[in-house]
Amino acid sequence: MVIPAPNLVLPKDTPAPGKADYAGLKIGILALQGAFLEHANMLRRLGAAPAEVRLPGDLDSLDGLIIPGGESTTIGKLAEEFGLLEPMRQFISAGKSVWGTCAGLIFLARDIGATGSGGHVTPPRLPVIDITVNRNAFGRQVDSFEADIYPAFAPDGPPFRAVFIRAPRIQSVGEGVQVLARLEDGTIVAARQGQIMVTAFHPELTDDPRFHEYFLSLVKHFNR
Ligand code: GLN
């Protein structure tokens, strides 16, 4: 049994998922490396239009952007090589929503902690969300696992079965960061700061669209 953490209180500006129509929203998925097809399928299911992003020009007509799971060092190096770091920074500064899953979370985190393997490597990143994260820090014996979590935006719904694969561990979050979900032991596994969202797990590998729906609701909310 996972006990919902007591501080999962939604701020007033949090949009209610499930109430909006997402048709016409164009969501880019960084497609340099990693799991982008599954994200695309889930977005289509919700009525949004996915688009693969490889070059700066691909960002032009997007409403939001997903940085998928994969290998954060590879994603960072390729993003730099393809000249995407600065255009993505501008995209986010312009108020567009971005969601990092797993390696994507590492890519967006302000700080990389020293514990966890790979902690000493600092690949090119876009440190836009005020969290500190440790890579591969759930330990070798639990490389991959599943856990029930209770998303803050769906307090009455059934638990969300979260899939973790060599997942990063969020060690701490800054004051402006809203916790969206925790593990039973209190570990934060999903968070949001303004229009920037991160999940340590892979919602695109489940059949449950609630995190994608929540992201689309952020896109709509902040894209005014
Ligand atoms: N372990 C990977 C990293 O550190 C992340 C794994 C994932 O995205 N599933 O980049």
Side-chain angles (χ1 to χ4, degrees), residues 27-43 50 52-54 64-82 84-85 88 97-149 151 160-173 180-183 187-192 196-212 214-215:
I27 308 298
I29 305 160
L30 191 67
L32 302 174
Q33 190 252 356
F36 47 87
L37 287 178
E38 292 83 356
H39 275 299
N41 290 339
M42 195 67 104
L43 290 170
E52 291 181 7
V53 172
R54 290 194 179 80
L65 177 67
I66 295 177
I67 319 281
E71 185 56 46
S72 55
T73 38
T74 310
I75 291 174
K77 277 181 203 153
L78 289 174
E80 186 176 53
E81 247 168 61
F82 281 69
L84 278 164
L85 287 179
M88 281 197 287
S97 301
V98 63
W99 173 17
T101 54
C102 204
L105 173 154
I106 299 165
F107 185 73
L108 296 175
R110 197 199 60 195
D111 287 316
I112 307 287
T115 56
S117 71
H120 56 290
V121 188
T122 36
R125 291 180 304 110
L126 209 58
V128 289
I129 182 165
D130 190 9
I131 62 172
T132 299
V133 66
N134 288 313
R135 293 181 59 200
N136 305 320
F138 281 100
R140 266 186 147 263
Q141 67 282 21
V142 284
D143 250 7
S144 300
F145 63 98
E146 293 185 13
D148 280 343
I149 57 171
F160 184 97
R161 191 78 184 153
V163 178
F164 295 80
I165 303 167
R166 302 200 73 216
R169 194 178 196 122
I170 299 173
Q171 186 187 298
S172 60
V173 303
L180 293 178
R182 294 175 188 266
L183 294 180
T187 304
I188 300 166
V189 290
R192 170 183 86 90
I196 302 158
M197 168 172 152
V198 289
T199 53
F201 51 93
H202 287 267
E204 78 283 9
L205 298 183
T206 63
D207 200 35
D208 190 335
R210 283 179 290 168
F211 272 90
H212 286 78
Y214 181 71
F215 178 63

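Atoms within a ligand are numbered from 1 in the order they appear, just like the ligands themselves.
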Using a 4.0 Å cut-off to any heavy atom of Ser72, which atoms of ligand 1 qualify?
3 (C), 4 (O), 10 (O)
Test of proximity, His202 against ligand 1: N or O pairs below 3.5 Å:
yes
Counting from 1, what ligand 1 atoms have a heavy atom of Gly69 closer than 4.0 Å?
8 (O)
Quick one: list whatever passes salt bridge (Lys or Arg N to Asp or Glu O under 4.0 Å) with Glu38, sequence neighbours left out.
none
Which of the numbered atoms in ligand 1 are below 4.0 angstrom from a heavy atom of Ile106?
3 (C), 4 (O), 10 (O)
Would you mind running through ligand 1 and noting each atom that sits below 4.0 Å from a heavy atom of Arg166?
1 (N), 2 (C), 5 (C), 6 (C)
Assess whether a salt bridge exists between Asp208 and Arg161, defined as any Lys/Arg side-chain N lying under 4.0 Å from an Asp/Glu carboxylate O.
no
In a check of side-chain hydrogen bond (donor to acceptor under 3.5 Å, both in side chains) between Gln171 and each of Thr187, Thr132, Asn134, which one passes?
Asn134
Where does the angle between the aromatic ring planes of Phe215 and Trp99 fall among parallel (under 30°), tilted (30 to 60°) and perpendicular (over 60°)?
tilted
For Pro50, side chain to side chain contact (heavy atoms under 4.5 Å, CB included) partners two or more places apart:
Ile29, Ala40, Leu43, Arg44
Could you say whether the N/O atoms of Cys102 and ligand 1 ever approach to under 3.5 Å?
no
Would you mind reporting whether Val98 and Ile66 have side-chain heavy atoms less than 4.5 Å apart?
no
For atom 6 (C) of ligand 1, which of Ala103, Gly76, Gly70 has the closest heavy atom?
Gly70
